[in-house]
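One structure below.
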Amino acid sequence: DNISSTIRFKKLKNRKEFPCCDFKGKCTNIAYAEVYPCAMKNNKKKGWSYLCRKHYFEEQKRLNWKLVSTTFSEILYVFY
């Protein structure tokens with residue numbers, strides 16, 4: 001079963017795959033955080049996306065640190 005996805009992945013040297021930042025569809029850095037704009041108050045944008053460290057902090061500053069998110073270090077800490 002081949003599932004189509006809009007998420008781009010980048011393979012590292014150790015052959016692990018990590019999602020790429022999808023900020024405006026141009027950035028190709030490895031994702032730093034998974035953000036949920038749909039969970040913000042008065043926001044009609046649905047879904048979630050991945051942002052690299054640079055774009056994550058830019059968006060947090062723009063939205064007064066109210067962007068709902070989780071970083072991958074937090075996710076890895078829970079599962080391992």
Side-chain angles (χ1 to χ4, degrees):
D1 295 331
N2 191 3
I3 299 171
S4 64
S5 174
T6 59
I7 301 169
R8 295 175 299 164
F9 288 89
K10 186 180 269 189
K11 284 190 178 180
L12 301 179
K13 289 180 182 177
N14 61 2
R15 298 183 185 189
K16 289 188 179 182
E17 289 186 345
F18 283 93
C20 289
C21 175
D22 54 4
F23 185 77
K24 296 186 179 178
K26 296 179 182 179
C27 185
T28 58
N29 294 332
I30 293 175
Y32 171 75
E34 189 173 359
V35 296
Y36 308 95
C38 60
M40 291 180 60
K41 194 175 186 179
N42 300 328
N43 194 349
K44 295 176 182 170
K45 185 176 180 183
K46 296 191 180 349
W48 48 267
S49 63
Y50 294 106
L51 294 177
C52 65
R53 187 176 177 94
K54 174 186 167 188
H55 292 122
Y56 171 74
F57 285 109
E58 282 179 4
E59 289 297 297
Q60 284 287 30
K61 280 175 105 174
R62 187 177 69 82
L63 297 169
N64 295 322
W65 304 99
K66 294 181 181 175
L67 183 61
V68 180
S69 65
T70 183
T71 60
F72 286 104
S73 60
E74 292 171 351
I75 294 171
L76 293 175
Y77 180 75
V78 170
F79 289 113
Y80 294 104

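Interatomic distance, OH of Tyr56 versus CG of Leu67, reported as 6.5 Å (0.5 Å rounding). Taking NZ from Lys54 and SG from Cys27, the interatomic distance works out to 7.0 Å, rounded to the nearest 0.5 Å.
Contact between Tyr36 and Ser69 at its shortest, heavy atoms only, is CD1-CA, 4.1 Å. Gln60 and Lys66 make their closest contact through OE1-N, 3.7 Å (heavy atoms, listed as atom of the first residue, atom of the second, distance).
By the side-chain contact (heavy atoms from CB on, under 4.5 Å) test, Cys20 pairs with Arg8, Lys10, sequence neighbours left out. Considering only residues two or more places apart in sequence or on other chains, Glu58 meets the side-chain hydrogen bond (donor to acceptor under 3.5 Å, both in side chains) condition with none of them.
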For this session: Give the C-alpha distance, both sets of side-chain angles, the deciding distance and a yes or no for side chain to side chain contact (heavy atoms under 4.5 Å, CB included) between Leu51 and Glu59.
Result: CA-CA 9 Å; Leu51 294 177; Glu59 289 297 297; 4.1 Å; yes

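Ring pair His55/Phe23 is parallel by interplanar angle, where below 30° counts as parallel and above 60° as perpendicular.
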